[in-house]
Amino acid sequence: MTALGKKRGVLFTVSMLLLSVSLLSFATNLAEQAAKSRSTSISLLEIDRTADTYADVESELARILSTSVGVSVENSTVFLNETLPIRAGTDADFDRFAQFEQNFSDLNISMNLTSLKAGSLLVQPGDIAIAHSQTEFNITPIDSQESAGSVRSYDINITYQPMGADSAVWETISGSDPSNTSVHIRVVDASYSFIFDSGTITMDKYGTSRLNITQGGALVGFVQFAPPSAVQVYYASNIGLKASIGLSTPVYVEANDTITVSSASNRTGRVRIA
Amino acid sequence: MSGCSFMGEGKKSVGNWRGFIYSIDATLALFLMVLTLATVVFLSSQADDDPIARVQVIRLAKDALAVMDNQGTLSSFDSAEIGAALNSTLPSSIGAHLEVSTYYYDIGSFNLIAVQEFGEAVPQNTTTWGARRDFISLSNRYLTNYSIARMTVWQK
């Protein structure tokens, strides 16, 4: 009887012990899940903060660029609104903004802005380069189906200063081809005493065409189309340029520069302009 | 006679032993119960009341700053315009206070030239959250100033 009672007692104690351990584990798991909600929200906030800072910097860089080169995208068309040559001091503005963010931001921000300072952009997908110099504006696709092959149209409007141009004549013009590009060129001077409008014409995107612009017989600029689907605008003085590039697929515009934002979460990426 | 007393002492000894075992059981149970309660209370106290609400309020503040920056409201530094923008972009249940610090670049460094405040005063003894946006000011296509907008928001 005593032995039986002892066995029952031991069995009861062990059962209670096991039950207690299982209850303790269950309660611990429940409480841990509740506590995780706080760390999850903190992580979300950190990710959000990094992403917002990145987007903020990207937006301000695009704003600095817009003082000379305005870029917008509507689905598969890129619109450019430019005052050329690019304003002197724009590169210094980029450097100072980068320095400001480095000095005053709550997060660690570093930027490489070599392309933006040079006015170089890329239309993606397709790596279609848009480049600026003191006297030239260039759109240069890569010779591939995704790049040159996707170009469908160019619309170029050039505004010279008053009395800045008085003639625009085609030096050469390529014939139409199944792989053609639709082109429309308009050249005016600011007083509208001279207006040249080519109307919408088709060109062989692998041919060469050139429109010479003169003032008093002297060359003051030209618009040249060269293979593959490239455009070059040369200007000898200040001009306003509005251009659009029509492509076959939705696109976006970026600079081949990087922004890095570091905190509890990190983000690195290219500078997206539009 | 001696046999009867021996049996009495034996019963007493068994009773003592049983009592001792019961006491050990009760002590063990009490220990486990206290440990369980302490663990649950500690971990539950780490939980947030409503974490999604906190994320949402901060998100509203950041979006309001982005809208005001893109519309040019921030760079206007106009009190009425900024106040109207705060009222129109934030829900009526959210209070907001905006502080804008403006810097000017000169001779290799940034100099603080103005600190302006807009919106409602931050109430005491209230949980608040913050959002920040940096923006530039342009004049005739020239970059003039660099500013930091810090927004403090709270639930009314």
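Here is the naming used below: chain letters follow the sequence lines, and residue numbers restart at 1 for every chain.
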Student check: side-chain heavy atoms of B/R133 and A/T53 closer than 4.5 Å: no
Intermediate values then yes/no, side-chain contact (heavy atoms from CB on, under 4.5 Å), A/T67 and B/L138: CA-CA 8 Å; A/T67 57; B/L138 299 172; 3.9 Å; yes
side-chain contact (heavy atoms from CB on, under 4.5 Å) evaluation trace for A/D48 with B/K62: CA-CA 10 Å; A/D48 218 26; B/K62 288 179 178 176; 4.1 Å; yes
Residue B/N70 versus chain A: region with a heavy atom under 4.5 Å: both
Exceeds 12 heavy-atom contacts within 6.0 angstrom, atom CD of A/E74: no
Ring-ring centroid check B/Y103 A/F104, cutoff 6.0 Å: yes
Heavy-atom side-chain contact between B/D69 and A/R63 under 4.5 Å: yes
Value rounded to 0.5 Å, distance of CZ in A/F100 from OG in B/S147: 7.0 Å
Sub-4.5 Å side-chain heavy-atom contact between A/Q99 and B/F110: yes
Donor-acceptor contact present, side-chain A/R87 to main-chain B/Y142, <3.5 Å: no
CA sep, side-chain torsions, deciding dist, call: B/R59, A/D52, side-chain contact (heavy atoms from CB on, under 4.5 Å): CA-CA 10 Å; B/R59 185 71 261 160; A/D52 269 345; 3.1 Å; yes
Portion of A/N103 that has a non-hydrogen atom of chain B nearer than 4.5 angstrom: side chain
Residue B/I136 versus chain A: region with a heavy atom under 4.5 Å: both
B/Y22 OH: over 12 foreign heavy atoms closer than 6.0 Å: no
Closest non-hydrogen atom pair, A/S68 against B/R141: OG-NH2, 3.4 Å
Heavy atoms of other groups near A/K117 NZ, more than 12 under 6.0 Å: yes
Contacting moiety of B/Y105, where chain A heavy atoms sit under 4.5 Å: side chain
A/D56 side chain to B/D134 backbone, donor-acceptor under 3.5 Å: yes
From CG (B/L143) to CD (A/E60), nearest 0.5 Å: 9.0 Å
